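Quick caveat, the model's predicted, so the values are computed rather than measured. Index from 1, following the sequence. Scope of the values below: all heavy atoms of this structure, side chains included, with no hydrogens, waters or symmetry mates.
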Amino acid sequence: MTEVVQGLDKDLADKFASKYNPIREREAQEWLESVLERQFPQDDGVILCEVINKISPGAQVKINNSKMPFKQMENINSYLQAAEQMGIKRHELFQTVDLFEAKNMVQVIDSIYALSRCAESKGYQGQRIGPKLAEKKEYSFSQEKLDAGKNVVPMLTGFNNGANLSGTAPYGARREIGGAYPAKPSQ
């Protein structure tokens, strides 16, 4: 019997489906294949572990080749731990069930894009998918420049001609438009 999805579950399923992009999925798969220099049909976490081991040789993620579900989930979890140690932010990673049960493939694909950016920043010489990871750039200013900046009026505060909120009624008070309110009738 097929489960009927309705209500909030249906809305969430539709939202996930609207974010899915098969082109991004294909790009992510092609990137993984280019790193490993071979094609693969499906992923059970082994591919991700092999990719981490290739782009970050110090990681040495242990790979379980068993087809038992809990071993496959261990592979995915090992990948996630190694990816976080490599420098991928936790919010860019997916949860094990997102891949194992194909619950949120958009997040899995986004995580592979993050892995590509991170790999390039760690010295991987292969191709990259997605935007380049921003690099920290520090500026140093002389004390003279810092002092000169104190005299500049910021754009957001310079055009109110001295207006402020002094004399306004406190929050929650009634507003009188066109004169005072009529007196309440006595009982």
Side-chain angles (χ1 to χ4, degrees), residues 1-140:
M1 184 171 153
T2 313
E3 182 181 338
V4 177
V5 180
Q6 54 189 11
L8 182 58
D9 288 339
K10 182 179 182 332
D11 292 344
L12 290 172
D14 290 345
K15 185 176 180 180
F16 279 133
S18 71
K19 291 181 178 183
Y20 175 75
N21 183 339
I23 295 170
R24 282 177 53 89
E25 179 181 23
R26 183 70 195 146
E27 287 174 348
Q29 182 175 350
E30 288 173 354
W31 182 77
L32 292 171
E33 290 172 347
S34 74
V35 170
L36 295 176
E37 300 171 349
R38 65 181 164 90
Q39 292 187 339
F40 62 90
Q42 187 177 345
D43 188 23
D44 53 8
V46 171
I47 298 296
L48 294 174
C49 291
E50 289 176 354
V51 167
I52 283 281
N53 285 339
K54 181 137 186 194
I55 61 177
S56 181
Q60 295 306 314
V61 177
K62 182 182 172 195
I63 301 172
N64 294 307
N65 289 314
S66 172
K67 294 297 177 192
M68 297 180 73
F70 74 93
K71 290 293 186 182
Q72 292 174 350
M73 290 174 69
E74 276 183 16
N75 286 337
I76 296 168
N77 193 47
S78 295
Y79 159 78
L80 293 170
Q81 289 175 352
E84 191 171 2
Q85 288 173 356
M86 193 173 158
I88 297 175
K89 303 287 186 224
R90 185 168 275 208
H91 70 272
E92 292 184 302
L93 295 173
F94 56 91
Q95 294 180 3
T96 303
V97 295
D98 291 340
L99 176 59
F100 186 74
E101 296 177 5
K103 293 254 184 201
N104 188 354
M105 292 307 291
V106 172
Q107 187 64 33
V108 173
I109 293 165
D110 288 348
S111 178
I112 294 169
Y113 272 71
L115 177 63
S116 172
R117 286 191 306 271
C118 189
E120 183 184 52
S121 73
K122 301 290 184 192
Y124 175 70
Q125 299 297 314
Q127 74 177 39
R128 172 187 29 93
I129 53 175
K132 183 178 179 182
L133 188 64
E135 297 174 1
K136 183 177 181 180
K137 186 171 184 178
E138 292 192 28
Y139 294 92
S140 58

Separation between [atom1] of [X] and [atom2] of [Y], rounded to the nearest 0.5 Å:
X      : Y      : atom1 : atom2 : answer
Phe70  : Asn64  : CZ    : CG    : 8.5 Å
Ser111 : His91  : OG    : NE2   : 11.0 Å
Lys19  : Asn104 : NZ    : CG    : 8.0 Å
Met86  : Ser121 : CE    : OG    : 7.0 Å

Would you call [X] and [Y] a side-chain contact if the rule is heavy atoms closer than 4.5 Å?
X     : Y      : answer
Asn75 : Tyr79  : no
Leu99 : Leu48  : yes
Arg24 : Asp110 : yes
Ile55 : Lys122 : no
Phe94 : Leu80  : yes

Where [X] and [Y] come nearest, the two heavy atoms and their spacing:
X      : Y      : value
Cys49  : Ile63  : CB-CG1, 3.6 Å
Gln72  : Ser66  : CG-O, 3.8 Å
Gln127 : Ser116 : O-OG, 4.3 Å
Asp98  : Met105 : O-SD, 3.7 Å
Leu32  : Ile112 : CD1-CD1, 3.8 Å
Ala119 : Trp31  : CB-CZ2, 4.4 Å

Under 3.5 Å, is there a donor-acceptor pair between the Gln81 and Gln85 side chains?
-> no
Set of side chain to side chain donor-acceptor pair (under 3.5 Å) partners for Gln107, sequence neighbours left out = none
Side-chain ion pair, [X] and [Y], N-O less than 4.0 Å:
X      : Y      : result
Lys137 : Glu135 : no
Lys10  : Asp14  : yes
Glu30  : Arg26  : yes

Option passing side-chain hydrogen bond (donor to acceptor under 3.5 Å, both in side chains) with Glu120 (candidates Lys132, Arg128, Gln125) | Arg128
For the side chain of Lys54 and the backbone of Val35, is there at least one donor-acceptor N/O pair under 3.5 Å apart?
-> yes
Taking only residues two or more places apart in sequence or in another chain, which ones pass salt bridge (Lys or Arg N to Asp or Glu O under 4.0 Å) with Lys103?
->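 With sequence neighbours excluded, Lys103 shows a salt bridge (Lys or Arg N to Asp or Glu O under 4.0 Å) to Glu101, given in chain and number order.
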Inspect the surroundings of CD in Gln95 and state if more than 12 heavy atoms from other residues, nucleotides or ligands are less than 6.0 Å away.
->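 Counting other residues, nucleotides and ligands, CD of Gln95 stays at 12 neighbours or fewer.
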